[in-house]
Amino acid sequence: MTRLWNDPADFADEMIDGFVAANARSVRRVTGGVVRATQSPAGQVAVVIGGGSGHYPAFGGLVGPGLAHGAAMGNLFASPSTQQVFAVAKAADNGGGVFFSYGNYAGDVLNFDAAQERLRAEGVACETVTVTDDIFSASPAEKQKRRGIAGDLTVFRTAAAAAEAGYDLAGVTAVAAKANARTRSIGVAFTGCTLPGADHALFSVPEGRMAVGLGIHGEPGVDETDIPTADGLAELLVSRLLDERPEGAGTRVVPILNGLGSLKYEEMFVVYRRIAQLLETAGLEIVDPHVGEYCTSFDMAGTSLTLFWLDEELERLWDTPVDTPAYRRGSVAPQQRSEASDAVADVVEIVPGDDASRASAITVAAALEVLVRTIDDNVDELGRLDSIAGDGDHGIGMQRGAHAALAAATAAVAAGAGAGTTLERAADAWSDRAGGTSGALWGVILTSLAAKLGDAGSPSPLDVAAGVAAGASGVMDYGKAEVGDKTMVDALVPFSSALSSAVDAGASLTDAWRTAAARATTAAAATADLLPRMGRARTHGHHSVGIPDPGAHSLALIVTAIGETLAASKEN
Ligand code: ADP
Ligand code: MG
């Protein structure tokens with residue numbers, strides 16, 4: 001249960017404001033998240049971490065000397081947008097390149113990679129290591145697909161220590177990759193979490209039962225058992241992790257027993273007592289054990305055990321002092337405060353479109369209004385579909401994005417923008433505010449459409465069809481999903497090809513759009529039979545058989561509603 005909030009939609013922003021107010025000694029607010037409030041030497045590699053909010057101390061609580069230089073902080077359980085990651089990295093950069101590390105989730109990968117490309121295009125060297133410690137999220141043969149959970153800490157901390165020791169970007173990357181390869185975690189949960197303002201838990205575990213392998217966003221577990229004794233749990237956690245010792249593992253390990261939000265320290269100590277006995281019996285030397293909260297999941301009751309298998313270099317880096325809001329080790333020498341202020345994003349003036357394009361811009365804004373209404377009316381259903389194999393945020397993510405897009409489009413229209421610029425502003429606002437995978441992808445769709453519509457003349461039906469086609473190929477380029485992978489691509493591609501063929505055959509935009517929308521609806525419904533191969537839902541694909549893909553379903557709802565509005569306006 002979460003009890004305290006103002007407007008739930010403002011929760012993440014207000015949480016960050018309060019976090020910064022309480023920790024101004026350590027962190028400074030910048031667009032997209034926080035950076036250190038203290039100076040770093042020129043030329044030092046900047047370690048930038050991040051992810052959705054709701055996992056404190058991950059990620060903002062881990063910014064400071066000895067740990068990250070900056071954290072991109074997304075909305076609750078939603079990856080930060082590309083713009084956010086980019087802005088934080090720019091603010092954190094010391095001229096020595098940027099090293100990104102975060103848990104391996106589809107939305108985070110999409111947005112961090114896009115930000116990385118943007119930085120590279122500006123000449124900033126960047127490298128990335130995603131954390132993949134959760135051994136229950138994919139088999140050993142598919143290690144690179146595993147999610148990141150509390151093991152994040154070992155990778156962030158050793159990478160940052162390497163940066164502070166003067167390693168260059170390649171050196172920091174090598175340390176982080178080695179730390180990740182030597183970090184393994186498993187988690188269990190007893191109850192799900194309830195997001196602010198929600199009237200029920202995002203996911204649940206039956207009373208008296210324990211979900212094994214449940215993800216930190218409630219991605220369903222791999223097994224369910226009766227709740228064992230504390231010792232029984234210790235035995236389960238340790239035995240599973242010892243079964244998967246990394247290659248080259250020595251005998252020195254750091255155990256991290258992480259609480260997910262509402263498990264008590266006292267309970268964890270009882271469990272840890274047995275964990276320590278078992279590790280010693282197995283002939284291991286325990287180094288610097290951690291029992292506490294390092295990566296939470298709101299008020300979820302659960303715990304995870306991480307084993308970090310040291311070598312000489314990793315142990316040396318692990319031992320360096322750290323001083324961040326939520327994590328302190330040893331003593332850090334006094335630091336000089338940074339005088340920098342957040343570079344305010346350039347406000348680009350709107351160049352007015354011609355009369356015809358301004359008239360089309362009004363239609364664009366009207367279509368976005370229909371889109372917003374469609375999402376508002378279906379927000380719970382979209383969340384429910386996404387909670388079956390995903391993380392339950394598709395409704396609220398689409399809602400945030402769509403509302404921001406409409407507001408940006410309305411402002412653009414008022415400033416005299418043409419259709420292209422109006423859509424471009426909407427696209428940017430959508431991906432920035434929505435975060436997550438679908439937010440980034442809707443940004444791609446609208447940006448592609450914007451480029452084909454332009455700011456001069458009224459777009460022809462052929463232009464619209466070409467814009468949608470560019471959106472479909474953009475989504476596939478960006479997200480790497482193909483038809484049949486159970487994603488929004490399964491509705492978007494048939495929609496686009498039906499639109500193009502109808503328009504090519506001479507149909508009016510309204511008729512072509514409605515025909516295409518009907519195809520999208522059928523195709524979205526047919527995704528129920530598919531097994532997901534992309535995105536968050538991949539790990540727990542079997543849960544979603546019989547249920548349509550949420551992103552395909554929302555796309556079909558949107559194009560259908562827009563088609564009906566086009567038809568209604570033609571009749572008037
Ligand atoms: P997140 O997955 O980050 O929580 P959402 O819940 O808003 O984001 O959106 C989930 C939807 O995003 C999925 O139902 C699917 O349609 C779409 N999606 C996920 N990954 C991809 C991808 N790689 N390519 C295309 N669409 C994707
Ligand atoms: Mg989701």
Side-chain angles (χ1 to χ4, degrees), residues 50-54 74-82 102-114 145 147 195 202-203 215-220 375 378-402 404 430-431 433-445 448 471-496 520 523-528 530-541 543-544 547-558:
S53 293
N75 220 302
L76 293 180
F77 289 7
S79 90
S81 67
T82 304
Y102 49 90
N104 185 34
Y105 295 89
D108 293 299
V109 172
L110 217 68
N111 286 299
F112 275 83
D113 273 355
K145 292 191 176 169
R147 306 179 291 235
L195 295 182
L202 192 56
F203 51 93
I216 58 173
H217 310 97
E219 299 91 340
I375 296 302
N378 290 280
V379 65
D380 292 339
E381 173 65 3
L382 296 176
R384 191 188 66 80
L385 291 178
D386 189 35
S387 68
I388 291 163
D391 55 357
D393 66 349
H394 187 58
I396 53 171
M398 289 289 287
Q399 197 170 42
R400 270 197 313 267
W430 187 317
S431 58
R433 287 301 297 163
T437 314
S438 64
L441 296 175
W442 273 91
V444 170
I445 297 174
S448 312
S473 54
V475 164
M476 288 189 285
D477 271 0
Y478 197 60
K480 309 278 182 285
E482 289 166 17
V483 171
D485 287 344
K486 192 161 188 164
T487 70
M488 65 156 81
V489 168
D490 290 316
L492 181 55
V493 165
F495 175 72
S496 173
T527 60
L530 299 172
L531 256 180
R533 291 197 292 260
M534 299 296 288
R536 282 190 204 285
R538 178 193 55 77
T539 326
H540 298 288
H543 291 278
S544 83
I547 306 289
D549 174 65
H553 183 60
S554 61
L555 189 131
L557 290 174
I558 288 167

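Counting starts at 1 for both ligands and their atoms, in listed order.
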Q: Tell me, please: is Gly397 in heavy-atom contact with ligand 1, that is, under 4.0 Å?
A: no
Q.
Does only the side chain of Leu441 get under 4.0 Å from ligand 1, or the backbone, or both, or neither? Count heavy atoms.
A. side chain
Q: Classify the contact between Pro550 and ligand 1 as side chain, backbone, both or neither, using a heavy-atom distance cut-off of under 4.0 Å.
A: both
Q.
Below 3.5 Å, N or O to N or O, backbone or side chain included: is there any such pair between Met488 and ligand 1?
A. yes
Q: Take Met476 and Val489, measure what side-chain contact (heavy atoms from CB on, under 4.5 Å) needs, and give me the verdict at the end.
A: CA-CA 7 Å; Met476 288 189 285; Val489 168; 3.8 Å; yes
Q) Around Arg400, counting heavy atoms of other residues, nucleotides and ligands shown, do more than 12 lie under 6.0 Å from its CZ? A) yes
Q) Backbone or side chain, does any N or O of Asp393 fall under 3.5 Å from an N or O of ligand 1? A) yes
(Q) Using side-chain contact (heavy atoms from CB on, under 4.5 Å), reason through Phe203 and Asp391 one step at a time and then give a plain yes or no. (A) CA-CA 9 Å; Phe203 51 93; Asp391 55 357; over 6 Å; no
Q: Check each of Asp386, Asp549, Thr527 against atom 16 (O) of ligand 1 and report the one with the nearest heavy atom.
A: Asp549
Q | Opening angle between OD1 in Asp393 and OD1 in Asp391, taken at the Mg ion (ligand 2), to 10 degrees | A | 80°
Q.
Here's a test for you: under side-chain contact (heavy atoms from CB on, under 4.5 Å), which of Asp380, Leu382, Ile388 qualifies with Arg384?
A. Ile388
Q) Within the distance-only criterion (no hydrogens, no angle test), does the side chain of Asp386 pair as donor or acceptor with the backbone N or O of Asp393 below 3.5 angstrom? A) yes
(Q) Ring centres under 6.0 Å, that's the criterion: do His217 and Tyr105 meet it? (A) yes
(Q) Whether the side chain of Asp485 engages the backbone of Glu482 through a donor-acceptor N/O pair (distance < 3.5 Å, no angle test) should be reported. (A) yes
Q) atom 2 (O) of ligand 1: which of Val475, Thr437, Asn111, Leu382 has the nearest heavy atom? A) Thr437
Q. For the Mg ion (ligand 2), what is the closest N, O or S atom on Asp386?
A. OD2
Q) Can an N or O of His394 be found at a distance shorter than 3.5 Å from an N or O of ligand 1? A) yes
Q: Take Leu385 and His394, measure what side-chain contact (heavy atoms from CB on, under 4.5 Å) needs, and give me the verdict at the end.
A: CA-CA 8 Å; Leu385 291 178; His394 187 58; over 6 Å; no
Q: Determine, considering heavy atoms only, which of Ala552, Gly479, Ser544, Gly383 sits nearest to atom 23 (N) of ligand 1.
A: Gly479
